Structures are given as structure tokens and as C-alpha cells.
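The figures that follow rest on heavy atoms only: side chains count, while hydrogens, waters and symmetry mates do not. Sequence lines set the chain letters: A, B, ... in the order given, protein chains first and strands last, and positions in each chain run from 1. All values reported here derive from a predicted model rather than from experimental measurement.
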Protein chains: 2
Amino acid sequence: MDANGEERLVSRRVTIKEVAKRAGVGTMTVSRVVRNHGYVSDSVRIRVAEAVRELGYRPNGSARSLRLRRTDTIALIVSDITNPFFTTIARAVEDVASESDNLVLFGNTDESESSEIRYMEMVLQKGVDGVLLVPATDGRVALELAQASGLPVVAIDRRVSPAFDCVRCDSEGGAALLADRLLELGHRRFAILGGPDEVSTSHDRIQGFRLRAEAKGGQVTVYHGKLTVVDGERLTRVAMEANPRPTAIFAVNNFLSFGALNAVGALGLNVPDEVSVAGFDDLPESMVNFPFLTVVSQPAYELGALAARHLFERIQNPALPPQDLALPTTLRERSSTGPRR
Amino acid sequence: MDANGEERLVSRRVTIKEVAKRAGVGTMTVSRVVRNHGYVSDSVRIRVAEAVRELGYRPNGSARSLRLRRTDTIALIVSDITNPFFTTIARAVEDVASESDNLVLFGNTDESESSEIRYMEMVLQKGVDGVLLVPATDGRVALELAQASGLPVVAIDRRVSPAFDCVRCDSEGGAALLADRLLELGHRRFAILGGPDEVSTSHDRIQGFRLRAEAKGGQVTVYHGKLTVVDGERLTRVAMEANPRPTAIFAVNNFLSFGALNAVGALGLNVPDEVSVAGFDDLPESMVNFPFLTVVSQPAYELGALAARHLFERIQNPALPPQDLALPTTLRERSSTGPRR
DNA sequence: TTGAAAGCGCTAACAT
DNA sequence: ATGTTAGCGCTTTCAA
């Protein structure tokens, strides 16, 4: 191979022109062969394919994207890829994208709206074909930015304006289910560790839990913080100072529940004998056996896969009316919850 | 805004030409203003900036990349983004890339070489500026593919041919440290759960542990499988059938150690009283308190950040000689290990 | 069945 | 300080 020892030293990228010259045909013929599209006689096809191989030709993606107005790339903007819930979603999105030879860009907003807007601007400029967005708060500005540019976008996890597609879970229903179960176990005094109220998931889970619990004689106190481990710890300490103490804690997302477990451990409280702890969002499948945490589990993989598929559909057919898809959740009872003592 | 109500219905993308026309200048002037580079009189600069704003102009990334031969995008190819070790690396890489307004593409190979090659081909075509690769086995083909095209590439986590840059941890040393400690605790019969021997990390950890343990009178049996939870479970069951049983298990990566914990739990064995379990790779910081697993912890975030910085350096200066950077590890003793009973 | 011409949107180089 | 020209590498007409 590399019979023509010349000019390969600096490995300049081979262009379609060079292939054409080598094969003694026009560039269009090469293009037809490479894309396997359009009429080319067998003899020519073979000659061209050979030249492609010999020269190591690879079409230039930027040129192609410029011409085609298409990049075969989508973007996934999440708050934090290290959140296992979003990690699983990312995996699913990439799996689906990969099926149709699409590439996936990702970015972390850390729940910051300005960061979210910055990413949206970047991918808009880059010319991705579509965006999957976990909105920081309501994502309004970023979503409208996309819409104004005709860029297909699907929100994930958090409810947004009905003008946009959204794929998420039934937060309210899931939280209500958990409330039912804790009530059944005899609990009546609850602490909820919640996030910012503008984050729909937090709002809905608080709402779902509170309404159900109060309807059945429970007493609920909500503590608001950020969706972080640190705030989970902090809020738990505050919550456990109440007198009388809550007998069950519901943390509305996984980071908060990790924090809660840390804090009750540090306080020397036994789980679940002295206090029950339950969360929302499961762990990645590989770790599901460890923190024996009772959770409302969301089908993260399915959520990501569905969102990605939905995005590709929307890319194909931008006229589709926006949809709000809510997947059901499952209560997974493990050993961090138990009967009231 | 949008004073000129015409032609914005289908939100065609605005080009530099239209901005130039609107501002009554040439395209180069617009280009200069947009990039903030080159001489432009203040009065003109203001007029152009206004036109940009009014028209909602955003440079076309594909056109720019075609012209500049640069995409401001790097790729991160890992075996599985849901592996917390790689998740943390991904976060670090994206953080560093973001500092210089670069975007990050990611792909999962699932340890398959053909998948690895496929991603390499895709990003080569896309024209990314550089690649961060966690090689499936030795990554030879994929790395050479990049090299042949003059695409900067840095290997992460696993040793590769010295012809390439590599950022990883001192697997051998870390494993030896763990062996020392387990010996100190009185253990003499060890089972190692290892991955494929072509994966350097697995090989080095086995080697590091075995040499140290055997030098001090330990007896080591190695069980090979894939780096998965399922194989961690399977190998543990096999290992625990030995007679006499090992008193300590060392799993060379986190998935294997999760599997080990699952299996010993299922076998009804008490950890660490009946068997000690230790792993390699820590959990994400948010979860670090849970499976009270003793591990050789790798500075995953620093590893990812260093690799990314190294890649950007190499992009800037392709002539740099390749380096093999090995970061030190830390033994984190938690409650899954204890004295031999 | 094949090729030539034009142009996607941008910027480096060169005028002016 | 600003504009003109040319061309990055590709594919969509359109003509042969």
C-alpha cells in the first residue's frame, strides 16, 4: 500500500478531486460511488473504489455539512453528566444516535441558565441537527432560541411550555405512590427535601407527595435547597432538628437522597429504624444493589432512548405537533424504609 | 425587534452577506467585527453590530470549519459512559474543553475494537481537532488510523504503544499498595477478579498485586472475565468454591467489584468478617459514602482534565514528543476489608 | 452513464 | 480602514 510514496509525508487530507484524477473520472462520479447513489457503470465504480482505497480518501465532513445543511450530529445538554440519572440517559441517547450513524455532543449546565444559553448558541452555530435539553429551571430562553432558528429540540425530564416537545416521567404520580406506601407503614410526619420550585420535577414531586400525604392525615414540611449532595446533607440536619422529628424523609432527587443518607449516618441515626429515607431516581443498574435505598425509580434508559427517537422523528418532520410524553415510574422498596417505630 | 417582518417566517439562516448588505459594508468588515479581529472604525463597527443583532446573525460553523480546517470540537471515546470512572473523566474533559469554547463528542465502544474503529472513522470524517481514546484492548488500529491522518490523539487510562500520548494511573503501584495492606491484615489466600489480559490496566493490576503478595508469602489465584458486573458475580462464585477459600478478593475494576459484592451477599457471606473485598476505581464523589468498599482510588477527574489539557497542547503543537503520564493512586480503606478471621 | 458549472458561507491574501 | 477575489471540498442542477 501507499505505492505512490510522494506527498503523503505530511498526510494532507485527500480530496475528492485527487481521487477523481487518479481514477480518471469527474468528481461527480466519485461522489456517486462514495455515497452509493446514482448511476455509475460497474467498471468505473470499481476503478473509483480502488482509487478511494489507495488514496485513503475520506469525505470532508465540514464541506458536506456546508453543502447539505446537515451535520448528522445532535447535542445533549444536561445539568450534570455525573448524575447517574443523566449518565444513563446519555448512554441511551448515544445508542440510538449511533444506530443512524449520528454523533452526539454533550454539555453540562450545572443548572445555570446562562450556561444553558451559551451551549445552545454554540450548537446553533455548529449546526447540529437537533438538541436534547434538560432545562435548567424552565429552559424558556434556550428553547425559544432554538425555535427561532428552526432547530428541532426536545426537552427531557422537566416539563416545559406546551409549545415544545417533552419526554419525562410522571413525577407527581410517582411521588404519590411513595406517599401511599409510607403512610401504609405508619408514617405521619414527613420531611421533603426539595429543589428550586421552578424545576418542574421538584415541584411536581413535592406536590404529588404532599397532596396525597396530607389527604390521608400526614403532616408535611418542605425544605428547599439546590439539587446537590451538600444541600441534601444540610437540609436533613435542619429537618431532623424539628420537634417532634419527622419519621420519614423524602428526597426529590438522587443527589439530595445521597446527602440525606450521609447526614442521618453522621447524626448516628439508624435507617430505617429511627428514620426512613426514600428518594427519587434510581442508581445505575450496575450499582443498584448497594445503598439499599428505597426509591421511585424512573426508566432512565427508556426515557433517553425515547427522547432521542422522538428528536429524530421531529428532525425528519418538523411539522409534527409538539408532544408531552410522560413515562410511568416504579416504586422500588428496599431497606432504607420501614414501619414507623 | 424584527422590524422587517418579511422573510422570517421560515427562519432561513442569515448569512454574512445579508448582514453586510444591511450595514452597507463588505462581508470582510462584518467578519472582522464578528471575530473582533482587524481594523474597523468605531462608527462602522457599531453599524455592523446593530445589523448582526437585528438580523440575528450567527456564523455558519460548517463554512467556518471548511475554511479554517478546524472545528473547535474534540471527541471522547470510552468503553461505557455509565461506568462512573469514565463518567467522571467525561465531566472533566468537558469542563476543560468548555474553557476554550470547545465542544465534546462522545461515543461508547463497549470494549469492542470494531466499534472503536468505527467511531474513529466517523470523527476523522467529521474533522474533530483531536481525540481522547480509552482503547479497547491496545487500541492499535484506531490509534494508527488517527496518526496516519495527522489527527492528534491521547490515550486515556490504558497503556498503549510509546508512539502515542497516554494519560493514566499507576495501576501496578496501586495494586501493590493494596496487597501490602491486605497482607498486613493477615490475609494470605487471595482471589483476583481480572479482565482480559490485553487490557493493560487489568494486566498491570494483577501483576502489581500478585508480585507483591507472592513475594510476601501470599497465594494468589487469578480469575479472568469481562469487565462487567455479571462477570464479577460469576467469577466470585467460582472463586469462593475453592477449598480452602480465599479470605480476600481483589477486583481489578469497579464493575467487577460491584459484581463481587452482589455475589458474596447472595452467598450469604459477611463482609468483611468472612471475606474481605477490595476494588480498583472509586465511586463518583456524590456516592462515595455508600458501598463501604475499600478501593484503590484513581483521581478520575484530574486524569480526565490532564488528558484534555494534554490533547489541546498537542493540537497546538503536533511536534511534541509523545508522553506517558502516570498519576498516583490512593488506597481508601473502608469497611469491606478487615483482618483475617 | 458521465461531467461541467455553480455555489453553500466563510476568511486569508491582497488590493485600495 | 475597507472591499474584492479566490477558494476551502462537496453536491445539486443541468447538459451532453
Partner set under ring pair (Phe, Tyr, Trp, His ring centres under 6.0 Å) for B/Phe106, not counting sequence neighbours: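 Partners of B/Phe106 under the ring pair (Phe, Tyr, Trp, His ring centres under 6.0 Å) test: A/Phe106.
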
[X] has an atom [atom1]; how far is it from atom [atom2] of [N], in whole Å?
X       : N      : atom1 : atom2 : result
B/Arg70 : C/dA12 : CZ    : P     : 9 Å
A/Asn60 : D/dG7  : CG    : P     : 17 Å
A/Arg45 : C/dT2  : CZ    : C1'   : 13 Å
B/Leu66 : C/dT11 : CG    : C1'   : 11 Å
B/Asn36 : D/dA1  : CG    : P     : 14 Å
A/Arg47 : C/dT2  : CZ    : P     : 9 Å
B/His37 : D/dA1  : NE2   : C1'   : 15 Å
A/Lys17 : C/dG3  : NZ    : P     : 15 Å

According to a strict under-4.0 Å criterion, is [X] in side-chain N/O contact with OP1 or OP2 of [N]?
X       : N      : value
B/Arg69 : D/dG7  : no
B/Ser41 : D/dA1  : no
A/Arg64 : D/dT11 : yes
B/Tyr39 : C/dT16 : no
A/Thr29 : C/dG3  : yes
B/Arg13 : C/dC8  : no

Report yes or no: is there a donor-acceptor pair, N or O only, under 3.5 Å between the side chain of A/Arg58 and the base of D/dG9?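 No.
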
Would you check if the side chain of B/Arg158 reaches a backbone N or O of B/Ser200 as a donor-acceptor pair within less than 3.5 Å? no

Measure from the side-chain N and O atoms of B/Ser149 to the backbone N and O of B/Leu151, and report whether any donor-acceptor pair falls under 3.5 Å. no

Taking D/dC14, D/dT11, C/dT11 as options, the one with an atom nearest any side-chain atom of B/Ile16 is C/dT11

Check every atom of D/dA6, D/dT2, D/dC10 against the side chain of A/Thr15 and return the nucleotide holding the closest atom.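 The nucleotide sitting nearest to the side chain is D/dC10.
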
Within the 4.0 Å heavy-atom criterion, would you say A/Arg35 contacts the bases, only the backbone, or no part of the nucleic acid? sugar-phosphate

Can you sort out the partners of A/Glu50 under salt bridge (Lys or Arg N to Asp or Glu O under 4.0 Å), two or more places apart, ordered by chain and number?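 Listed in chain order: nothing, the list is empty.
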
Most 5' of B/Met28 and B/Ser62 on DNA chain C, judged by nearest nucleotide: B/Ser62

Taking the side chain as every heavy atom from C-beta outward, state whether B/Arg91 and B/Thr88 have any pair of such atoms under 4.5 Å apart.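 SC-SC contact between B/Arg91 and B/Thr88 ruled out.
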
